[in-house]
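The structure appears right after this line, and notes come after that.
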Amino acid sequence: MRPERALSRRGVLWAAAAGVIALLLAASWREMQAHLDPPSIVDKTIAEATLASLPGYAPDFAPAGALLVSPTDDPEAFAQIVAGAHRRVPVIALVPSTSVAAHLKAVLQARQLPTDGVRFVTLPLDTVWVGDYGPMFIRRPNGSVAVVDPDYVASGNRPNDDRVPTELARRLALPVQRMPLFLERGNFLTNGAGLCATTHAIYLRNDHLGYTPQVIGEMFGEYLGMQRWVQLDLLEGEPTGHVDLYLAFLAPNLAVVGQYNPKDDPENARRLDAVAERLSALQTPHGPLRVHRIPMPPRTDGVWRTYTNVLIANQTLFVPVYSDVDPALQRRALDLYARLLPDWKIVPVTCDRMIRQAGALHCLAMTVPAWVPLDPLLK
């Protein structure tokens with residue numbers, strides 16, 4: 001199987017539906033090009049027009065109906081997320097008990113933050129990493145919504161986390177499609193135009209099942225509507241194997257890829273240079289994939305800090321920041337996002353605590369697409 005080609009019959013049907021919509025959008029896209037010169041504005045327009053229509057699994061930057069976050073271990077980061085999301089997107093907080101909910105409400109009130117946009121949902125949980133085990137919402141070609149529930153790679157010792165997608169689907173009265181693949185959302189990103197990316201860790205997690213790359217690619221097409229799959233290198237020594245540690249899609253034709261200083265980490269600098277080169281060679285329905293590089297802080301203390309493990313909601317970009325990183329390097333990262341997304345609100349969120357547990361914002365939370373019927377959880 002070629003890595004950038006999906007082969008399942010259902011995947012072909014997904015692609016056909018998306019293709020018809022893309023053709024309808026093409027004429028208006030050509031008209032827009034003549035009037036919209038700044039690349040960031042073009043990207044925003046592409047994203048809004050395309051993602052309002054296309055079926056399948058939505059990218060992180062799709063119009064959001066809510067943020068789903070499990071903030072138990074880091075109330076400070078939760079407060080910063082709530083402040084940044086105010087009047088832009090509701091926040092649904094998954095908590096293991098009503099006492100935890102009461103504590104978090106007190107944290108918000110102590111900081112004089114509004115709580116009217118926050119809903120607390122009590123569920124048994126093992127960890128806070130809902131960004132990895134949360135539901136994968138899909139919109140079918142006929143417009144209906146469903147939840148894809150893959151096996152959670154850590155389900156052997158995290159059974160409560162593994163049950164979250166099905167339980168939320170039950171509360172939302174949505175059908176569930178069980179995907180027989182061990183998959184963490186941190187190792188699955190899409191550009192919203194049929195392209196998905198993982199690291200080679202997908203093989204390691206499913207080695208005991210004997211899946212070939214062709215079988216995995218067919219699943220991505222059948223269950224999630226993907227048309228192409230690019231398989232990227234792992235970082236040497238990094239424990240999670242997740243692609244969101246060094247990659248983020250900001251629009252169908254716009255991505256950022258981490259960049260290590262070769263003096264700090266020559267091997268991983270080489271690997272990320274190769275990743276950036278490979279992604280830059282990919283075509284999207286809107287031209288070549290534009291890849292920008294963003295600094296990766298040096299790992300002098302063994303912690304894998306990242307600026308691509310971001311959270312996106314309705315033109316708001318929540319970026320992990322760290323109190324023990326060179327301010328000049330951190331400013332470079334934030335300035336890059338500000339240049340690429342000048343009309344967006346950039347919200348730094350301090351992630352000192354969670355990054356030492358091998359996670360940041362894309363691990364702690366997930367964006368729920370605007371087309372998901374959330375009323376049962378928001379009331």
Side-chain angles (χ1 to χ4, degrees), residues 1-5 59-60 131-132 153 182-191 195-207 211-213 216-217 220 226 228-250 253-284 288-310 319-320 322 325-326 329-330 332-333 336-337 340 351 355-363:
M1 167 185 164
R2 288 185 58 195
E4 290 92 16
R5 184 176 63 192
D60 293 330
D132 285 333
V153 71
F182 286 88
L183 180 64
E184 296 161 313
R185 290 181 64 260
N187 197 29
F188 186 90
L189 296 175
T190 177
N191 76 333
L195 171 69
C196 65
T198 74
T199 71
H200 295 124
I202 194 78
Y203 306 133
L204 302 177
R205 302 292 193 265
N206 290 279
D207 182 65
Y211 289 154
T212 64
I216 295 173
F220 289 157
M226 297 294 109
R228 294 183 296 164
W229 170 33
V230 59
Q231 304 150 42
L232 302 173
D233 208 351
L234 295 158
L235 291 180
E236 183 182 52
E238 198 279 314
T240 70
H242 289 181
V243 72
D244 63 1
L245 185 80
Y246 63 72
L247 171 65
F249 288 111
L250 303 179
N253 64 342
L254 178 63
V256 293
V257 172
Q259 185 174 38
Y260 278 113
N261 186 330
K263 295 180 180 179
D264 297 328
D265 192 337
E267 175 57 25
N268 284 322
R270 182 193 65 78
R271 294 189 186 193
L272 289 187
D273 287 347
V275 165
E277 182 178 0
R278 184 174 181 190
L279 291 174
S280 297
L282 297 180
Q283 291 291 322
T284 77
L289 183 63
R290 293 170 40 227
V291 176
H292 294 262
R293 308 301 299 276
I294 196 164
M296 299 282 282
R299 296 182 297 106
T300 54
D301 56 358
V303 177
W304 295 81
R305 295 171 182 83
T306 167
Y307 294 115
T308 62
N309 200 274
V310 296
V319 183
Y322 315 96
V325 167
D326 179 0
L329 183 141
Q330 194 148 271
R332 282 174 51 206
L336 174 66
Y337 283 128
L340 295 176
C351 292
I355 200 64
R356 293 185 177 277
Q357 302 176 56
L361 297 178
H362 197 256
C363 309

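Throughout, numbering of the chain's residues begins at 1 and tracks the sequence.
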Inset, instruction - State, with a plain yes or no, whether a side-chain heavy atom of V310 is found less than 4.5 Å away from one of L361. - result: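 No, side chains not in contact.
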
Has [X] got a side-chain atom pairing as donor or acceptor with [Y]'s backbone, closer than 3.5 angstrom?
X    : Y    : result
T284 : N253 : no
N187 : V243 : yes
T199 : L232 : no
R293 : G258 : yes
Y246 : Q259 : no
D132 : E184 : no

Inset, instruction - Determine which pairs satisfy salt bridge (Lys or Arg N to Asp or Glu O under 4.0 Å) with at least one residue from residues 295-306, sequence neighbours left out, and list them in order. - result: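 As it turns out, the salt bridge (Lys or Arg N to Asp or Glu O under 4.0 Å) pairs with a partner in residues 295-306, which skip direct neighbours, are D265-R299, D301-R305, D301-R356, R305-D324.
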
Measure across [X] and [Y] and return the closest heavy-atom pair with its distance rounded to 0.1 Å.
X    : Y    : value
A201 : L234 : CB-CD2, 3.6 Å
Y307 : Q330 : OH-OE1, 2.8 Å
P320 : C351 : CB-SG, 3.6 Å

Legend entry - Basic-acidic side-chain contact under 4.0 Å: R185, D244: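 No, no charged N to carboxylate O under 4.0 Å.
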
Legend entry - Rounded distance (nearest 0.5 Å) linking atom CE of M226 with atom CZ of F220: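 Going from the CE atom of M226 to the CZ atom of F220 covers 9.5 Å.
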
Inset, instruction - Assign the ring pair W304 / Y260 to parallel, tilted or perpendicular, where the plane angle (0 to 90°) is split at 30° and 60°. - result: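 W304 vs Y260 ring planes: perpendicular.
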
Inset, instruction - Give a yes-or-no answer on whether the side chains of H242 and N309 include a donor-acceptor pair shorter than 3.5 Å. - result: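 No pair is found: no donor N or O on one side chain lies under 3.5 Å from an acceptor on the other.
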
Inset, instruction - With L189 as reference, evaluate T198, T308, L247 under the side chain to side chain contact (heavy atoms under 4.5 Å, CB included) test and give the passing residue. - result: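 Among T198, T308, L247, the one meeting side chain to side chain contact (heavy atoms under 4.5 Å, CB included) with L189 is L247.
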
